[in-house]
Student: 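Would you mind keeping the following structure in view while I ask a few things?
Values in this document were obtained by computation on a predicted structure and should not be read as measured data. First the proteins, then the strands, lettered A, B, ... as listed; each starts at 1.
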Amino acid sequence: AEEGRSPIMCEPGDTYIMNVMVSAHPYWVPVYEAFQQAAAAFGCETVFSGTPDYDISKQIASFEQDVVRQPAGVLLHPMQSDPFIEPINQAIDQGIDVVTFAADSPLSKRTAYITSDNHAEAKFAAEEIVKQRGETGEYAVLENPGQSNHDLRVTSLVSYMEANYPGWELVGRQATNQDSTAAYRAMSSIVQANPELDAVWIPEAGSAEGAVAAIQEAGADVLVMHADITPTMLEHIRAGNVHMALNPNQGIQGFMGFVALHLAAHPDIFEPFNDYKTSGYNPFQIPFMDNGFAVITQENADSFDLNAYMKDR
Amino acid sequence: MTDVVLKLSGIHKSFGSVQALRGVDLTMRRGEIHALAGENGAGKSTLMNVIDGILAPDRGTISWEGREVTIGSPTEAQKLGIGLVHQEIALCPDVSVAENILMAQMNMSRRLFVDYAALEARAAEVLGQLADIDPRQRAGDLSISNQQLVEIAKALTLDCKVLILDEPTAALTDKEAQILFGIMRRLADRGIAIIYISHRMAEIFDNCDRVTVFRDGRHISTMQVSEIEPQDVVKAMVGRVIDDLYPDKADAPGSDVVLDVRNLSEATRFRDVSFHLKRREVLGIAGLIGAGRSEIAKGICRIEGDITGEVWLNGKPLKLRDYGESIDAGMVYLSEDRKGSGLFLDMSIAENISALDLSRIARRGGRIDARKEHARARELGQRLGLKYGRLSDPVSSLSGGNQQKVAIAKMLSVDPALIFLDEPTRGVDVGAKAEIHRILRDLAQSGVGIVVISSELPELIGLCDRILVIREGRVGGEVTGNEMTEEAIMSLASGVAFEGAAQ
Amino acid sequence: MQSGTDQAIGIDGTRQPKGPGVAKGLLKMRETGLIAIILLLVVVMSFASPYFLTWVNIRTVIMAFAVEGIVVVGMTILLISGGIDLSVGSVTALAMVIGGWLFLAGFDPWIASAIAIGCCTAVGAFMGFFVTKIGLHHFIVSLAVMVIARGICLLGTGGRPLGLYTLPPEFKFIGQGSLGPVPVVILTFIVIVVIFDILLRRTTMFRKVFYTGSNERAAAYSGIRTKRVIFATTTLCSTLCGVAGVIYMARFGSAQPTFGIGMELNVIAAAVIGGASLNGGTGTIFGAILGAALLSLVSSSLALLDVSVYWQDIIRGSILLAAVTIDLFLNKRRG
Amino acid sequence: MQSGTDQAIGIDGTRQPKGPGVAKGLLKMRETGLIAIILLLVVVMSFASPYFLTWVNIRTVIMAFAVEGIVVVGMTILLISGGIDLSVGSVTALAMVIGGWLFLAGFDPWIASAIAIGCCTAVGAFMGFFVTKIGLHHFIVSLAVMVIARGICLLGTGGRPLGLYTLPPEFKFIGQGSLGPVPVVILTFIVIVVIFDILLRRTTMFRKVFYTGSNERAAAYSGIRTKRVIFATTTLCSTLCGVAGVIYMARFGSAQPTFGIGMELNVIAAAVIGGASLNGGTGTIFGAILGAALLSLVSSSLALLDVSVYWQDIIRGSILLAAVTIDLFLNKRRG
Ligand SMILES: Nc1ncnc2c1ncn2[C@@H]1O[C@H](COP(=O)(O)OP(=O)(O)OP(=O)(O)O)[C@@H](O)[C@H]1O
Ligand SMILES: Nc1ncnc2c1ncn2[C@@H]1O[C@H](COP(=O)(O)OP(=O)(O)OP(=O)(O)O)[C@@H](O)[C@H]1O
Ligand SMILES: [Mg+2]
Ligand SMILES: [Mg+2]
């Protein structure tokens with residue numbers, strides 16, 4: 001390092017890449033924003049990369065191309081865990097650090113993993129439903145099979161309800177795959193078939209948009225809880241059509257993701273109280289880091305307007 | 001010359017390296033029936049497409065009623081008053097006959113809604129002159145000859161000053177053709193100029209006023225029909241005299257039987273058909289449109305229909321499951337619908353010719369020997385006088401008659417034991433026709449069975465040793481030798497008394 | 001061989017009832033098989049679920065395909081003319097995004113919608129240009145446009161849905177309002193379907209669509225400007241996508257850049273179940289809408305019966321296959 | 001007018017070089033335009049990014065389409081015969097899921113793979129049956145099978161990917177191994193492409209595919225059992241999906257039930273860019289693979305240049321459109 005520069009700061013040109021699938025998805029926007037903020041604090045450069053498609057081959061190709069560019073590290077959202085084992089290990093072997101976020105590749109040699117605790121979200125949602133509607137009732141869930149965090153949010157809630165609130169009955173469970181039209185159709189049918197429905201839990205915001213429209217059209221009194229947020233759902237929360245949304249702290253995810261990556265790329269500054277250094281491991285191994293989640297209600301909705309947040313950036 | 005409607009001068013048109021038209025002239029007078037003759041590929045259809053605005057000429061001028069015009073599309077041609085019946089049938093198979101016939105009218109009409117009742121009435125009226133076809137039927141369900149009649153009906157509805165008929169009678173029997181000539185004469189009397197393209201000399205000499213001959217894209221001559229003989233036209237077309245359109249008949253057919261058909265029946269289209277074909281004999285099959293001639297041949301070859309009955313080929317009974325086995329047994333069928341089922345228009349000439357039996361051009365292991373394929377195609381092409389640029393050109397770039405030659409070459413390429421030829425010389429020029437007749441006779445002489453289905457009675461009479469007449473799906477009778485006259489055949493075909501059948 | 005039945009020929013060459021014998025005529029209609037299948041499903045479902053035959057549920061089922069049904073109308077006409085359009089989903093989203101974006105930029109929502117629909121028309125014209133002037137195939141052109149239009153949606157929104165909750169109530173009315181018990185969306189849908197069904201069956205202008213699709217060359221020889229016809233049907237299909245997009249925008253109060261992914265297959269399937277041929281020349285609006293209704297009914301029924309999500313795809317696919325097979329046999333038998 | 005040129009005829013009706021004048025022959029080949037476009041892109045990219053012309057990057061670009069390329073081979077042959085298959089993505093996923101599931105159930109991975117490929121063949125035969133015996137259109141049958149196969153994948157896995165990390169190394173070798181610097185996947189891909197390219201250009205059996213696709217009736221009138229040909233090409237396409245699925249399984253060490261969504265459009269686009277006609281009768285394997293290479297190259301280049309994701313779709317779609325347009329003009333000029 002040059003004189004006067006802390007060893008934690010980047011050399012000019014040090015670049016970190018954030019690689020995702022379906023790269024146009026708005027979820028990544030605040031994550032990458034925070035990733036950039038953290039990078040700026042350390043004088044590093046960043047690149048946003050990945051594939052616009054929902055296609056594992058293409059994401060692997062884009063990841064491998066990132067590695068060709070010899071970055072300091074890659075913050076990766078692996079579309080699937082196992083296919084990324086080899087690519088991640090090869091990158092690590094070349095001295096390029098990899099931290100995963102929001103989805104993991106646990107069998108690979110990635111140094112850290114940062115995500116929301118989906119169990120915690122599901123538990124919070126379950127308790128909120130019971131708090132609002134009492135010890136007995138009927139509820140439904142929409143789901144998006146195949147995406148692990150969405151799956152977890154649903155399965156955790158269902159098993160938590162079963163285990164702790166036997167008075168609650170699951171009366172509808174439909175796959176709507178983040179498609180608002182499908183959700184509209186499914187929710188309409190569920191509301192028809194179950195006039196006594198008390199609550200619905202939706203693991204993502206895309207389906208929630210259609211579901212709320214269906215519930216409003218049917219004039220049903222259903223407590224809607226969902227995860228993630230979109231501008232439309234924010235308006236629904238403001239208007240009181242939706243009880244609350246649980247939104248993972250994307251900012252923390254991106255910021256801490258960068259920090260974990262940057263630290264992993266500068267292991268020299270750390271003398272751990274273990275054998276890692278002598279055994280040749282990276283001392284900044286973090287098996288799991290929880291970025292937490294925020295609860296969005298009518299009161300605090302204004303702070304979650306993504307368009308307002310991104311306005312001057 | 002106030003009565004000149006259309007005058008073409010110095011028209012040039014080339015397709016890539018092929019010069020289809022090299023400066024031709026044509027003048028059409030009001031009320032005349034003007035025949036256009038020329039070998040296959042001489043450029044007749046190309047010129048008609050130029051007149052109809054489908055093709056743009058490379059050079060040359062068109063003047064309409066004394067005014068120079070450019071015709072950019074069929075619509076513009078229609079507006080001027082030009083109607084064209086194409087050599088190739090082009091109907092919309094999914095819509096009714098009535099709509100097909102009156103499509104151009106409907107296109108021009110400013111009315112918002114279609115009046116189906118009036119449409120059908122109008123179509124029935126036009127069709128009534130020609131044939132018995134239900135205007136409400138889907139056009140795609142009609143047989144080829146009926147489709148041809150619909151094409152003609154289409155042109156008759158046009159309010160035109162120049163009507164072009166490009167080989168309209170190629171798929172028609174004499175009866176329909178005579179009806180058409182009657183209509184043509186009436187139209188001409190009303191002042192309409194008619195361009196009539198045909199390879200049948202008799203038709204030209206019976207019905208036309210003037211005849212223009214093309215050769216190799218050039219205008220050779222325009223003559224007054226009354227002042228010349230058919231040989232003059234043939235000579236102008238081919239550049240030599242063709243003395244014999246039909247080869248000599250076999251002196252005596254062999255005693256052994258090549259094909260023996262016994263009690264062949266099918267659910268709806270034919271019943272109890274029995275006939276045989278002796279060695280060295282050419283058998284003709286005649287009948288009215290829709291009599292079931294094609295269906296019988298297709299049934300024997302197992303191309304279509306569930307047949308009962310027996311078929312013996314060269315003394316052996318055939319148990320065929322499909323047409324592939326028929327080809328293996330040496331029995332092939334040349335389709336009357338060359339565009340729909342005879343040819344692969346977008347594939348090359350060579351590929352078309354070898355389609356029937358690929359094993360002939362294959363080396364061991366089923367590998368295609370391109371050189372063998374070309375050699376075979378070249379040889380057959382020469383034998384039939386096929387006019388082409390390269391063997392790798394798509395068949396669609398050939399003229400109608402040359403396409404027909406490719407279809408025949410395809411049949412000959414497998415050295416068959418028996419060929420059914422359905423309208424074999426459809427659209428083929430006189431020179432080539434004589435050549436094809438000679439080839440068929442030679443094949444018969446060498447022991448190959450030849451069965452010819454034709455709507456052109458003179459051809460059947462000239463070529464065949466014996467003619468089987470089919471009436472409404474049954475064998476109506478048989479004529480040989482001197483009994484083979486048009487009258488005799490017509491009366492057997494229609495079941496009407498002798499004199500009544502004569503035209 | 002002339003038949004003496006009491007039937008007139010329909011536009012699509014099918015026989016249609018004329019005068020008396022409507023019941024018999026109905027039996028011979030192209031769409032009868034499909035109606036029978038749908039009725040069967042309705043009967044089965046009304047036994048399986050007490051909620052099925054309620055007005056609310058029926059309304060829900062219709063609402064679920066009404067807006068997409070507008071796109072089905074455009075697709076059917078395009079298919080009849082011999083074309084196909086894979087971009088319908090993206091173009092519908094494009095209308096939402098452009099309309100929403102203009103509204104947020106301060107435009108009056110009606111003007112914004114009109115501009116959005118106009119943009120979709122322009123996209124259709126763009127495709128029509130490549131098909132008719134350049135000579136490319138509809139499939140590949142619309143595939144490219146599907147990708148490009150999606151890209152424009154993403155670019156215009158930064159990938160984020162636009163919240164349009166502030167749309168004025170009189171505009172939202174076209175998506176959320178009701179006239180009496182009937183939602184405006186359903187009324188709009190019915191009006192569009194009826195208009196185009198009549199146009200397609202009865203007018204000289206739309207008959208040209210059938211001719212062009214059945215045999216383009218033959219149509220051209222009859223003086224029909226087939227390129228113009230194809231250009232028009234391509235443009236019309238995209239325009240109807242624009243209309244659908246604007247209605248979706250009013251209904252959902254948001255504009256999602258990712259809306260309508262995979263819509264094209266659903267829409268084409270509906271048209272084909274309803275008798276449209278992928279080779280052009282045949283098809284009816286009424287049939288296509290029945291096809292859309294069948295697909296939607298199946299989905300709704302499966303949800304109402306709370307069938308496991310993993311089974312739903314299998315059942316839906318099988319019913320699609322069964323429906324076209326049964327339909328084919330009924331038409332063979334009859335024809 | 002008979003010509004005495006020094007050319008041999010390719011099966012697809014294109015002229016091919018023979019003896020001397022290879023350069024001239026190349027200029028006349030159907031695929032030349034595409035090669036030119038690809039070379040142009042490579043030249044531009046090698047200036048734009050220093051990483052582009054590295055072996056690792058080239059390998060990555062090839063790897064990105066090699067396995068899908070096997071599916072492209074099957075699709076091209078099917079397109080030539082006049083068919084189309086929308087189910088390729090689902091069927092590829094089905095092979096992964098069945099293979100993975102059997103392996104986890106204790107089967108030897110090679111046997112599990114063989115069974116998985118066999119199941120895909122059966123799916124292809126199922127589609128072939130509906131197309132040739134029932135008489136339905138490829139589009140609608142494969143659409144239904146696409147949905148059904150996806151459902152089976154979800155049902156078999158409960159919607160969650162199967163982890164197959166325990167696959168033995170000798171099996172993983174077919175997906176992850178290398179012979180020298182060249183990955184086995186690329187070698188397999190090249191072998192399959194070369195074999196089918198030769199078969200399609202040179203054998204009588206595959207010539208029938210062209211005849212059938214060019215004019216099915218004329219083929220039947222030439223004694224070709226066209227239904228069998230179509231049945232065979234349909235089955236072959238699904239079988240090659242099975243092969244691709246097994247290789248993916250070995251490569252990723254997992255089986256993803258949602259794998260390959262949208263693959264069909266990519267695969268069809270590749271074949272069409274490479275000169276296959278959606279109306280049947282024309283196409284080459286070599287061209288289709290060039291098409292796949294072009295699409296993959298464009299995606300990779302955009303990623304390497306850090307183009308904004310919102311622009312990527314727009315650029316990809318535009319390049320697709322530009323490529324087919326340029327190709328069309330080059331062929332018109334030449335032909
Ligand atoms: N689309 C085309 N592409 C290339 N060559 C063509 C095309 N159309 C016609 N030709 C060529 O132009 C020449 C004239 O063809 P045309 O069809 O006018 O002949 P024709 O006189 O009508 O013959 P026929 O009596 O066989 O119908 C032929 O050599 C033919 O091969
Ligand atoms: N595909 C078909 N479907 C229904 N009927 C048909 C079909 N093809 C032919 N026919 C009918 O079968 C009968 C026999 O037709 P065929 O073609 O054998 O007659 P033909 O004697 O060869 O006369 P031509 O070929 O001159 O019309 C006709 O009534 C015809 O309308
Ligand atoms: Mg001609
Ligand atoms: Mg016949």
Student: Let me know if I268(D) has heavy atoms under 4.5 Å from chain C in its side chain, its backbone, both or neither.
Tutor: side chain
Student: Please step through side chain to side chain contact (heavy atoms under 4.5 Å, CB included) for the pair H137(C) and N279(D), ending with a clear verdict.
Tutor: CA-CA 10 Å; H137(C) 196 288; N279(D) 302 321; 4.0 Å; yes
Student: Which atom pair, heavy atoms only, marks the closest approach of G317(D) to A144(C)?
Tutor: O-CB, 3.5 Å
Student: Quick check for you: among L320(D), V309(D), L155(D), which has the greatest number of heavy-atom pairs under 4.5 Å with chain C?
Tutor: L155(D)
Student: In terms of heavy-atom pairs under 4.5 Å with chain C, which of V272(D), L278(D), V324(D) leads?
Tutor: L278(D)
Student: Mind checking the CD1-CZ spacing from I314(D) to R150(C)? Nearest 0.5 Å is all I need.
Tutor: 12.0 Å
Student: For T325(C) versus I134(D), what's the shortest heavy-atom pair and its separation?
Tutor: CG2-CG2, 3.7 Å
Student: G159(C), A149(C), G156(C): which one forms the most heavy-atom pairs within less than 4.5 Å of chain D?
Tutor: G159(C)
Student: Keeping the roles fixed (side chain from Y310(D), backbone from G158(C)), state whether a donor-acceptor pair exists under 3.5 Å.
Tutor: yes
Student: Once rounded to the nearest 0.5 Å, what's the spacing between atom CE of M127(C) and atom CG of L321(D)?
Tutor: 10.5 Å
Student: How many angstroms lie between atom CZ of F139(C) and atom CG of L265(D), to the nearest 0.5 angstrom?
Tutor: 6.0 Å
Student: Rounded to the nearest 0.5 Å, how far apart are CG of L143(C) and CG of N266(D)?
Tutor: 8.0 Å
Student: By a 4.5 Å heavy-atom criterion (distance strictly below it), what part of L86(C) contacts chain D: side chain, backbone, both, or neither?
Tutor: side chain
